[in-house]
Amino acid sequence: MGSRRSASASGLLYTGLFFLAILGHAVAQSPRERSSLNAGWRFSRFTSNPDGLSYDTLKPWILPSSNDFITRAKYQRPFGTPPGSNVQYVQGSFDDSKWDPIDLPHDWAIKGPFGAPGISGSEGKLPYDGVGWYRKTIKLDGGDVKKGKNLYLEVDGAMSYASVFLNGVLVGGWPYGYNSFRLDLTPYAKAGENTFAIRLENKPNSSRWYPGAGLYRNVWLVKVNSVHVAQYGTKVTTPSVSAGSATVDLSVTIENSSNSTKRVDLITEIYEVDASTGKATGDAKSSFDRVSVSIAGGTKKVLNSTTELSSPKLWGPVPEQSPNQYVAVTKLSAGGNGTVDSVDTKFGVRTIVYDGNKGLIINGAPVYVKGVCNHHDLGSLGAAFNVRAAERQFEMLLEMGTNALRTSHNMPAPELLDLADRMGIMVMGETFDTWKTEKVDNDYHLLWDEWHEADMRSYVRRERNHPSIVAWSIGNEMPDQSSALGGQIGTELQNIAHQEDGTRKSTAGLNNAQPGSALVNVLEIPGLNYQGEGKGLALNSTYPIFHSMYPDKMIWGTETASTVSTRGTYIFPVTSGIEAIVGPSAGENVTAQYVSSYELYHPSWAASPDKVFIQQDRYPYVAGEFVWTGWDYIGEPTPFDNSSRSSYFGIIDLAGFKKDRFWLYQARWRPEVPQAHILPHWTWPSRVGQVTPVHVFTSGDEAELFVNGNSQGRKKTKPSEYRLRWDNVTYTPGEIEVVAYKNGEKWAEDSKKTVGSATKLNVTADRTSIDSDGYDLSFVTVAVVDENDDTVPQASNTIAFSVDGPGEIISTDNGDPTDMIAFPSLTRKAFSGFALAIVRSKPGSSGSFTVSAASNGLAGGEVVVHAGY
Ligand SMILES: *[C@@H]1O[C@H](CO)[C@@H](O)[C@H](O)[C@H]1NC(C)=O
Ligand SMILES: *[C@@H]1O[C@H](CO)[C@@H](O)[C@H](O)[C@H]1NC(C)=O
Ligand SMILES: *[C@@H]1O[C@H](CO)[C@@H](O)[C@H](O)[C@H]1NC(C)=O
Ligand SMILES: *[C@@H]1O[C@H](CO)[C@@H](O)[C@H](O)[C@H]1NC(C)=O
Ligand SMILES: *[C@@H]1O[C@H](CO)[C@@H](O)[C@H](O)[C@H]1NC(C)=O
Ligand SMILES: *[C@@H]1O[C@H](CO)[C@@H](O)[C@H](O)[C@H]1NC(C)=O
Ligand SMILES: *[C@@H]1O[C@H](CO)[C@@H](O)[C@H](O)[C@H]1NC(C)=O
Ligand SMILES: *[C@@H]1O[C@H](CO)[C@@H](O)[C@H](O)[C@H]1NC(C)=O
Ligand SMILES: *[C@@H]1O[C@H](CO)[C@@H](O)[C@H](O)[C@H]1NC(C)=O
Ligand SMILES: CC(=O)N[C@H]1CO[C@H](CO)[C@@H](O)[C@@H]1O
């Protein structure tokens, strides 16, 4: 994959053109500039309130930040000096030299230590609570703050209850930590030094999982002329599409901020986007008619126009379709004064139909949803967003055959949707984990009444041009789902999605959906969490009753499986059924706090993958599923709820190592890939002579298992069977091999052998050439191997990492949900044979660096990473 990492802009890409006026006047009209404010902050965290401020006292000044996203009466900023101006941290003169120097994105809790007082295992045991202050001083020149210019701060995400001060004055803020917001700095900025001070606060018990903490996404400074395209001010839709032509509708909202009427020309041209550079390429493929418009001071104007695009290249999910993108380049010009604003809007040409019997139909072709739910954290990097880490997740999910992501249970970083657009992955964009009724004491229900409209509306407006978004999810397992109130709220949120977008339907993840309930009656796409496969051991699926009651509505499994397992851990005996509720005598090792990787065990409400597949195949009108979860995440370590640090649900573990389930899903989702995968490993010195079941996941339909060359029988998959199992194999050291067949022809093979003792470390990197921008990453894997280079499956040797040259190790991990060594540690035990180090170039440095791994008694290993092209 190429290398456009870093702080790449989101759906709206702003060109930073500088324009010289014609006619010899030295009037330089500089259109929009959008520059990263990520570098050079100072930070301090306080475990008790250091400033006497609270959201409640700041709220009257913060609520007006939502004005662009509410339809009721706007909030008025109170007169007089806002609170907080006397707090020392907001003063330009405050000496912050003892605070931590940091760059954004920054998660203040991810470095640990684990075991933070009062923070439960479900919240990840990391110190995300408390008050955090961030400070940064920037220089503005006279041209930036003159009449006719506007300055904005854009924050892609701040966890949470952000209040932003500039030069000692409270500008505004945004409490919901997952949403993006923009504040108008114009009245508070001045020529010369300007000091930002941003206060964040996280209460304990504010989340059911690890939320992260801090300015954990990108932060931008935007400079525009007084007449400019409004925030999220473009909307592109393709209401009719055929092979020969597509109708493209464009809506542009232009905003003034001057007191006088301005006359501007609006020109928009459409270009193809080059898949490798992400930039406009070639000549304009179409353009909208030039419009001249007068905009009175202090007003906004919406201009709609339409054009045709011939032989459109469609956007569709991979691998069946291609993720082609276009970009609409919108320019505002003011007569002879040149370009006053320029905004790029990427979009895709595609159609979506939601069919009650055929499921999702994109560009005329049914697309079965092979989805996963993922949380927002990026393992040992925490919530701090990183484009390469997210791209790596998508690469591995695509390898498995995933074509869809549910951003459970909140709005993602804007760049995640850029990646999904580019890589051809469908997205269900989700907004809330609670509505009006709480799940935990300090969650979003506290904000519901005042903020839900603004949060829903601004998110849809922000992301509506992304072709990857195929549905809006208005909530997850809300306690309000069954009440009359649930119907009212569902109607309101769906209406907001229609007002801001109107091209996608809305869904919600319901764990207690009642046919005929007020919410399900109005919800456009009923989303069933676990009920479709029959919760727990029940065989009854609720798909048929929803389908018969709502035959025209598409339905899907918004959350399925919730199978739990620990990579590389196998616990005996193995259930003889296709699933079992996990417990001390079923799949758990209570001492170690691990769950068996036979991939059959699940909590009481959930199911094994096999059980889900049975129901999905039985009810083909269901549009597909979103498995809980693609990756492990920090917090929610069911079934060891307050003892471990991270989840057991992932198909891929927290460090990015594949659990056995990966091949079960790959066999189902990519049946064309010849593949067979044996489990367990075959190094069991203490099990000689004992029954040790062998299971095989394969895209074939038949297989023969051999133990030391002796056939254990050739088996065919029967209807409703998704794995082949030889449950009576007696363990003898040596080698097990499987030969898989498809339609009677040899199709794939796999083997596992009894390995010797660990002798050395095998060190590899996912990429040995990276950008030196300080954001790009290399993921370095260490395998503990024997003298034949075979991974020692239960190796837990302690590994010491080091770097020589201009690189640095950000974090290490091994995917063990019980490992309480803080993530930045340079020593890490291998877990089930593997450990990981995440490295990057030192900021501002390029060149080659060597990442080494050493362990007592073993030969060490190293890999060279080159940074900077
Ligand atoms: C969970 O762990 C936290 C932090 O270790 C502790 O404060 C809390 O009491 C524990 N809760 C339960 C229910 O054990
Ligand atoms: C969090 O909630 C739990 C359960 O309601 C309670 O026992 C605990 O004291 C709370 N923790 C804090 C720090 O408020
Ligand atoms: C607009 O007019 C008001 C009232 O006369 C004045 O206070 C303000 O500075 C003016 N704004 C601009 C941008 O000229
Ligand atoms: C312009 O387009 C927007 C966005 O699609 C739509 O909401 C609005 O109704 C349109 N206005 C007119 C006058 O067509
Ligand atoms: C061009 O700039 C001049 C000087 O700043 C201004 O007086 C004039 O109104 C501008 N013209 C337009 C069309 O905005
Ligand atoms: C579940 O299915 C069984 C057998 O198909 C049926 O007897 C039973 O009534 C069903 N239970 C429910 C709650 O629908
Ligand atoms: C459970 O884990 C403990 C500690 O790691 C280990 O000693 C024991 O052998 C394991 N038990 C089983 C049944 O795997
Ligand atoms: C496994 O062996 C047991 C007893 O040895 C026998 O009852 C059972 O039928 C066998 N199962 C299979 C699948 O061969
Ligand atoms: C060992 O490293 C080589 C590359 O140096 C790689 O191809 C191989 O897969 C690695 N083996 C293991 C067991 O990780
Ligand atoms: C200076 C001024 O009046 N600016 C206004 C321009 O229009 C926007 C949008 O209506 C207002 O928010 C500004 O106050």
Side-chain angles (χ1 to χ4, degrees), residues 71 230 232-239 247-254 266 288 291 293 300-306 328 345 347 457 460-461 464-465 495-504 565-566 568-574 583-598 640 643-644 657-658 680-681 683-687 690 692 752-753 755-756 758-766 768 779-796 799 816-819 829-836 851 853 858-864:
T71 46
Y232 316 141
T234 57
K235 178 178 170 186
V236 181
T237 56
T238 54
T247 304
V248 183
D249 283 355
L250 170 72
S251 170
V252 181
T253 303
I254 303 174
L266 174 73
F288 296 88
V291 195
V293 63
K300 282 183 184 172
K301 221 165 215 182
V302 181
L303 299 175
N304 290 359
S305 45
T306 190
T345 309
F347 68 99
R457 193 178 292 284
V460 175
R461 200 179 295 171
R464 60 191 174 186
N465 296 317
N495 285 344
I496 293 171
H498 280 262
Q499 289 152 14
E500 296 297 328
D501 170 34
T503 71
R504 286 92 165 175
S565 61
T566 308
T569 301
Y570 306 92
I571 293 164
F572 304 93
V574 176
S585 56
E588 285 183 5
N589 180 333
V590 177
T591 316
Q593 311 266 280
Y594 295 151
V595 177
S596 178
S597 248
Y598 274 89
F640 300 111
S643 51
S644 297
F657 300 126
K658 296 163 184 165
H681 64 76
T683 305
W684 296 102
S686 64
R687 297 193 62 78
Q690 296 185 54
T692 304
K752 289 266 156 75
K753 56 185 166 179
V755 304
T759 58
K760 61 181 179 195
L761 302 178
N762 191 19
V763 182
T764 54
D766 71 330
T768 51
F779 290 81
V780 175
T781 294
V782 176
V784 180
V785 298
D786 71 359
E787 59 185 4
N788 299 317
D789 280 341
D790 289 320
T791 306
V792 178
Q794 288 178 307
S796 58
I799 295 162
D816 177 354
T818 70
D819 188 334
K829 281 182 141 186
F831 179 64
S832 295
F834 293 106
L836 175 82
V851 183
L858 305 182
E862 61 184 41
V863 65
V864 176

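Values below: every heavy atom of this structure, side chains too, minus hydrogens, waters and symmetry copies. Because the structure is predicted, anything quoted here is derived from the model rather than measured. Atoms within a ligand are numbered from 1 in the order they appear, just like the ligands themselves.
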query: Do the side chains of Ile799 and Val784 get nearer than 4.5 Å, heavy atoms only?
result: yes
message: Less than 4.5 Å apart, side chain to side chain, heavy atoms only: is that true for Pro680 and Tyr598?
response: yes
task: Considering the heavy atoms of Ala783, write down every atom of ligand 9 situated less than 4.0 Å from one of them.
output: 14 (O)
- request: Identify, by atom number and element, the atoms of ligand 4 in contact range of Lys235, meaning under 4.0 Å from any of its heavy atoms.
  value: 4 (C), 5 (O)
statement: For Asp786 and Gly756, the nearest pair of non-hydrogen atoms, with its separation, is OD2-N, 3.0 Å
query: When you look at NZ of Lys658, are more than 12 heavy atoms from neighbouring residues, nucleotides or ligands closer to it than 6.0 Å?
result: yes
- prompt: Does atom 14 (O) of ligand 9 have a protein non-hydrogen atom under 4.0 Å from it?
  reply: yes
Proximal candidate to atom 6 (C) of ligand 7 [heavy atom criterion; set Ile571, Thr591, Asn589, Thr569]: Asn589
field: Nearest heavy atoms of Leu858 and Leu761, plus distance in Å
entry: CD1-CD2, 3.8 Å
- prompt: For ligand 4, is any non-hydrogen atom under 4.0 Å from Gln499's backbone (N, CA, C, O), its side chain (CB onward), both, or neither?
  reply: neither
statement: atom 4 (C) of ligand 9 sits nearest the protein heavy atom Thr764 CG2, 3.7 Å
query: Has Gln499 got more than 12 heavy atoms of other residues, nucleotides or ligands less than 6.0 Å from its CD?
result: yes
task: List every atom of ligand 4 that sits less than 4.0 Å from any heavy atom of Ser251, numbering the atoms from 1 in the order shown and giving each element.
output: 2 (O), 3 (C), 4 (C)
- prompt: At a non-hydrogen distance cut-off of under 4.0 Å, which region of Asp789 contacts ligand 9 (side chain, backbone, both, or neither)?
  reply: backbone
message: With heavy-atom distances below 4.0 Å as the criterion, list the atoms of ligand 9 near Thr791.
response: 13 (C)
message: Among all the protein's non-hydrogen atoms, which is closest to atom 3 (C) of ligand 9, and how far away is it?
response: Asn762 ND2, 3.7 Å
Proximal ligand 7 atoms for Ala592, defined as those under 4.0 Å from one of its heavy atoms: 2 (O), 4 (C), 5 (O)
- request: Write out the residue and atom name of the closest protein heavy atom to atom 8 (C) of ligand 4, then the distance separating them to 0.1 Å.
  value: Asn304 ND2, 3.8 Å
message: I'd like to check Ser251 versus Val302 (side-chain heavy atoms, cut-off strictly below 4.5 Å). Are they in contact?
response: yes
- prompt: Any Lys/Arg nitrogen of Lys760 or Asp789 sitting under 4.0 Å from an Asp/Glu carboxylate oxygen of the other?
  reply: yes
query: Any side-chain heavy atom of Thr791 within less than 4.5 Å of one from Val785?
result: yes
4.0 Å protein heavy-atom contact status of atom 11 (N) of ligand 9, strictly under: yes
